[in-house]
Each structure stands twice: as C-alpha cells, then as structure tokens.
Amino acid sequence: MTVETEGLLQSDLQAVLQNINLGVLLLDGECRVMFWNEFMVLNSGRDIADVVGKSLFEVCPELPKLWVQKKVDSVFALQNLAFTSWQQRPSLFNFSGSRPITGQAEAMYQNCTFSPVLDAEDNVKYVCLTVADATETATQHLQLERLNQLLQSEKDEQARLIRKLEDTQAQLLQSEKMAAIGQLAAGVAHEINNPVGYVYSNFSSLQNYVGDLFSLIDAYQKAAEQQDAAFRSVLEGINRRLDYEFVRDDMADLVKESRQGLERVKQIVQDLRDFSHIDSGDWQLADLHKGLDSTLNVIWNEIKFKAEVVKDYGDLPMVECLGSQLNQVFMNLIVNAAHAIEKQGMIWLETGRQGELVFVRVRDNGGGIAPQHLSRLFEPFFTTKPVGQGTGLGLSVSYSIVDKHNGRLEVESEVGKGTAFTVWLPLRQPQPESVSEASAP
Ligand SMILES: Nc1ncnc2c1ncn2[C@@H]1O[C@H](COP(=O)(O)OP(=O)(O)O)[C@@H](O)[C@H]1O
Ligand SMILES: [Mg+2]
C-alpha cells in the first residue's frame with residue numbers, strides 16, 4: 001500500500017489502520033497472513049506476532065478453506081472486489097457476538113470484502129480482507145423478520161376467526177330458521193291433527209252407512225220387481241238418469257281412495273309432530289350399530305334391488321340417545337340414498353369415534369345434490385321428487401332429531417358422484433341424570 005497523502009505521517013495512517021472498527025488483514029497468494037490489525041487481535045485473541053507468515057487456515061481453522069481460497073484466487077486473477085454479506089455467510093470468522101448485553105446475537109454477524117492491493121506494476125500483490133461487524137443491522141433485520149412473521153401468523157389467525165365467525169353465523173341463521181319452521185310445523189300439525197282425526201273416524205262410519213244404504217236400495221229394488229210395469233218404468237227412468245250402476249261401482253273406489261289420502265295426511269301430520277318434537281321418547285344408552293342393523297332390516301325391501309350395502313363399522317361405545325328417533329334418522333338417510341340411485345349402486349354405512357363424538361355416515365354413489373339445493377335440504381317440504389313420491393320431511397325431521405341430541409347433521413355431495421350425510425353425536429348429553437341403562441334401540 002503506497003501512501004502519498006501530504007502532511008500525514010505513515011505512522012498516523014498505521015494508527016488509523018490499527019484502530020479502525022473493522023477487521024483488516026492482508027493475505028498473499030497462498031493465503032498467508034501478512035498483516036492483522038487490532039480489531040482482529042481483539043476478536044480472535046491472537047497477537048499479530050503469532051500470526052504473521054502463517055497460513056490463515058492454520059490461524060482460523062473455522063474458515064471454509066476451499067471457498068476462501070477461491071475468493072482470494074479470483075481477486076488475484078481478476079483484480080476485482082469480492083464480497084460476502086451476513087445474509088450469505090452470517091459468521092465467516094468465529095468471533096463472539098458484539099452485543100452480549102442484549103443477548104440477542106451470540107456470534108458476530110459479518111460483512112467481508114476481499115479487495116486487491118496492487119504493486120508498482122499494477123499486479124496484485126496482496127488481498128486485503130476487511131471484516132465489518134454487521135451484528136446491529138442483522139439483529140434488527142432478524143427482529144423485523146420475526147415481527148413480520150408474528151404479524152403474518154396473527155393475520156392468518158384473524159382470517160381463520162373471521163371464517164369461523166361466518167360459519168357460526170350461517171349455522172345460527174340455519175338453526176333460527178329451523179326453530180321458526182319447527183314452531184310453525186308444530187302449530188300446523190296440532191291444528192290439522194284434530195280435524196283429520198274426526199274426519200278419519202267419520203269416514204269409517206260413512207263407509208258403513210253407504211254399505212247399509214246400498215243394501216236398503218237392493219231390498220227396495222227387489223220389492224219393486226213385484227210392482228206393476230208403470231211403477232217399474234218410472235224407477236228405471238230415475239236409475240238411468242242418475243246412472244245408478246256407475247255411481248254404485250264408483251262409490252267403492254272413491255271411498256277407498258279417499259281413505260288412502262287421509263292416511264297420507266295422517267302420516268304427514270305425524271312427521272310434522274316428530275319434526276317439532278311433540279312426542280319424545282326415553283333417553284337410553286344404546287348401541288348404534290344394532291340400531292342401524294335393525295333399521296336396515298325394516299327397509300331392506302326398498303333397498304335390496306337398488307343397492308349393495310357395505311358396512312364399515314368402527315369401534316363405538318354406547319351412546320346416550322333417543323334410540324327410536326335416531327333409527328328414524330338412519331332410515332331417512334338410507335332411503336334417500338337408495339332413491340338417489342337410479343339403477344344399481346352402492347350405499348356405505350360408516351361409523352367411528354373422534355374424542356367425545358361419534359359419527360354415523362350414510363354415503364351413496366347416486367346422482368348427488370345440485371349446489372343450489374344444499375341450503376334448502378333441511379327445510380320441511382323441500383323435495384325434488386315427483387308429487388306423491390316425496391314429502392320433503394325426511395331430512396327436516398332428521399335435522400331436528402339430531403339437533404335435539406346436541407349433535408349435527410352434515411352433508412357433502414357432488415353431482416354425478418354421490419352424497420354423504422354424516423350424523424355427529426356426543427357420547428353423553430349435558431344432563432347425565434336423565435340416563436337409564438337400557439338395551440339397544
Ligand atoms: N342421498 C341423497 N342424494 C341425492 N339427493 C338427496 C339425498 N338425500 C336427500 N336428497 C335430496 O333432498 C331432498 C329432501 O329429502 P327429504 O327431506 O328426505 O325429502 P324426500 O325424500 O321426501 O324428498 C330430496 O328430495 C332430494 O332431492
Ligand atoms: Mg326422504
């Protein structure tokens with residue numbers, strides 16, 4: 001290094017070099033140490049007399065030898081600066097942290113520069129390696145990064161909470177809607193139940209009376225055959241005008257059909273009553289698998305030609321429930337699954353336990369549910385089936401039964417692929433005193 005600054009003594013510059021807050025060392029082509037300033041002495045703990053003329057790698061064995069040698073070689077060959085920052089190599093030299101008080105950085109972060117020192121012929125004579133302490137910047141930077149991460153994770157958490165809030169609100173709206181509809185259904189069921197009851201019983205009497213009247217007419221007709229021709233022709237005239245033979249035949253059909261209609265109305269009223277929990281049974285500890293099996297037996301005729309049923313039962317403990325009502329849920333779900341299958345398909349019955357919850361899933365590979373119908377499934381009277389086939393009460397009744405068990409009824413469906421309804425139930429209800437040991441539903 002040649003110094004030509006006027007007025008300054010070589011010794012002054014030497015002092016600057018020694019005392020600058022920057023590691024300065026000179027290396028020759030073999031990476032031998034030619035110079036080593038006070039910063040290096042302080043941080044490495046090795047005096048200049050110890051290191052001069054020695055290989056840098058002997059003095060500082062922690063250095064990545066190949067990498068440093070390559071840097072030095074490139075400076076000799078290209079006469080260019082080479083640089084490495086703390087982000088690339090946080091601590092090239094094994095120096096301890098310069099901020100021991102805050103305890104944030106145990107090792108010193110360093111920015112290192114390799115620069116050429118030229119001789120009179122402009123050839124590289126030495127490589128000057130400077131080591132700058134970047135601990136301050138690095139710790140601030142890292143702290144900022146940590147804070148950023150924290151902020152990001154808080155943001156993620158917030159987004160998760162917002163989503164949860166939205167879900168809860170949707171559920172709340174749904175359950176409010178169901179509660180309102182439940183009340184309406186209870187009112188309607190109550191109002192209809194009475195008149196339907198007496199119409200139904202009157203109808204039986206009516207059927208008997210009509211029979212009696214026909215017998216009476218038969219008797220009169222027989223008696224009329226003994227009367228004179230004029231009387232008989234008047235009677236025949238009346239018979240023809242009223243189309244008596246037809247009325248007589250049709251009457252029987254009318255009565256039969258009306259009775260069937262009344263029976264359907266009675267069933268709908270019963271479903272509505274179930275839906276709005278007018279009647280409730282006993283809470284029991286029950287084996288859901290037995291319930292599923294017995295339900296499947298009851299409806300087997302409706303299923304067997306449509307679907308193969310595969311049971312994938314998990315390990316289920318006894319569950320506190322209203323057994324017969326749950327069976328009704330299973331029945332609705334399985335029958336719906338069978339209805340969703342057009343020709344021949346599969347129905348899977350899966351059960352399992354997750355912590356304090358158990359699930360019963362009825363899955364099919366039928367036609368699936370259109371997305372716009374998903375939110376309406378649980379409304380009473382919502383049906384996509386032709387008039388006379390679906391009442392649209394199955395799922396609404398099921399929903400309210402599951403709700404009464406403090407459980408939830410979930411649906412997943414893909415058009416053309418199939419549908420899965422999952423009943424989630426808690427093992428025990430909030431008031432354990434209502435439990436009585438009993439057998440399966
Ligand atoms: N497994 C299923 N696959 C496809 N659609 C279904 C399934 N279960 C229910 N649905 C749809 O939900 C509607 C309502 O069902 P539900 O309340 O049981 O009434 P219903 O069976 O009398 O129509 C059905 O009409 C049907 O469109
Ligand atoms: Mg149904």
Side-chain angles (χ1 to χ4, degrees), residues 174-175 177-182 184-186 188-189 260-261 263-277 292 295-296 298-312 324-351 359-404 407-424:
Q174 174 74 1
S175 61
K177 188 169 81 178
M178 298 312 292
I181 292 171
L184 187 73
V188 171
Q260 281 170 354
E263 260 151 25
R264 269 195 68 198
V265 173
K266 271 180 77 176
Q267 183 57 48
I268 290 175
V269 170
Q270 186 55 45
D271 284 345
L272 278 175
R273 288 166 71 93
D274 292 340
F275 172 71
S276 51
H277 330 297
L292 267 171
T295 306
L296 200 58
V298 174
I299 50 177
W300 187 239
N301 270 331
E302 234 175 299
I303 311 294
K304 64 182 176 193
F305 298 115
K306 277 297 212 43
E308 186 186 330
V309 176
V310 180
K311 293 180 191 171
D312 185 5
S324 59
Q325 298 204 7
L326 276 191
N327 289 350
Q328 205 184 327
V329 173
F330 301 151
M331 184 180 83
N332 287 329
L333 297 183
I334 299 171
V335 168
N336 278 349
H339 284 170
I341 293 166
E342 204 185 337
K343 286 211 177 83
Q344 185 69 39
M346 306 274 294
I347 296 176
W348 292 269
L349 303 180
E350 298 154 356
T351 66
F359 68 86
V360 174
R361 181 172 301 129
V362 178
R363 196 156 61 79
D364 64 67
N365 61 355
I369 301 168
Q372 72 270 22
H373 291 159
L374 279 178
S375 62
R376 303 196 50 203
L377 290 183
F378 302 111
E379 287 174 19
F381 302 112
F382 175 79
T383 180
T384 56
K385 295 170 190 170
V387 180
Q389 272 191 34
T391 56
L393 285 170
L395 285 179
S396 54
V397 170
S398 304
Y399 179 96
S400 79
I401 292 174
V402 173
D403 190 50
K404 197 167 18 166
R408 51 181 210 276
L409 183 54
E410 287 176 354
V411 56
E412 266 178 287
S413 185
E414 202 177 323
V415 174
K417 285 253 171 85
T419 304
F421 280 90
T422 309
V423 181
W424 287 95

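Whatever order the structure lists them in is the order used to number ligands and atoms, beginning at 1. Every heavy atom of this structure was used, including side-chain atoms; hydrogens, water molecules and symmetry mates were not.
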Considering only heavy atoms from C-beta outward, does the side chain of [X] approach that of [Y] to under 4.5 Å?
X: L395; Y: Y399; answer: no
X: F359; Y: V423; answer: no
X: D364; Y: N336; answer: no
X: V360; Y: V329; answer: no

request  = Can you figure out which of F378, F421, F382, Y399 has its heavy atom closest to atom 13 (C) of ligand 1?
outcome  = F382
remark   = Out of V397, I334, I369, the nearest non-hydrogen contact to atom 6 (C) of ligand 1 is supplied by I369
request  = Give a yes or no on whether T391 keeps an N, O or S atom under 2.8 Å from the Mg ion (ligand 2).
outcome  = no
Return the residue, atom name and 0.1 Å-rounded distance of the protein heavy atom closest to [atom].
atom: atom 17 (O) of ligand 1; result: L395 N, 2.8 Å
atom: atom 21 (O) of ligand 1; result: K385 NZ, 2.6 Å
atom: atom 19 (O) of ligand 1; result: G392 CA, 3.1 Å
atom: atom 1 (N) of ligand 1; result: D364 OD2, 2.9 Å
atom: atom 23 (O) of ligand 1; result: T383 OG1, 2.5 Å

query = What do you reckon, does G368 put a non-hydrogen atom under 4.0 Å from ligand 1?
reply = yes
task = Check if N332 has a non-hydrogen atom at a distance under 4.0 Å from any atom of ligand 1.
result = no
To the nearest 0.5 Å, tell me how far [X] [atom1] sits from [Y] [atom2].
X: L377; Y: S413; atom1: CG; atom2: OG; answer: 8.5 Å
X: F305; Y: I341; atom1: CZ; atom2: CD1; answer: 14.5 Å
X: L333; Y: Q328; atom1: CG; atom2: CD; answer: 11.0 Å

May I ask you to list the atoms of ligand 1 that are less than 4.0 angstrom from any heavy atom of [X]?
X: A337; result: 1 (N)
X: T391; result: 22 (O)
X: G394; result: 16 (P), 17 (O), 18 (O)
X: L377; result: 11 (C), 12 (O)
X: G390; result: 22 (O)

key: K304, NZ: over 12 other non-hydrogen atoms inside 6.0 angstrom   = yes
inquiry  = Looking at Q372, I want to see if its CD is surrounded by more than 12 non-hydrogen atoms of other residues, nucleotides or ligands under 6.0 Å.
reply    = yes
key: With T422, the side chain to side chain donor-acceptor pair (under 3.5 Å) member among E410, R363, R361, E412   = R361
Is [X] close to ligand 1, meaning an N/O of one under 3.5 Å from an N/O of the other?
X: S396; answer: no
X: N336; answer: yes
X: A340; answer: no

ask   = Is there a donor-acceptor contact under 3.5 Å from the side chain of T295 to the main chain of F330?
value = no
inquiry  = Checking contacts here: is it the side chain or the backbone of T384 that comes within 4.0 Å of ligand 1, counting heavy atoms only? Could be both or neither.
reply    = both
ask   = Relative to each other, are the rings of F378 and F421 parallel, tilted or perpendicular (30° and 60° limits)?
value = perpendicular
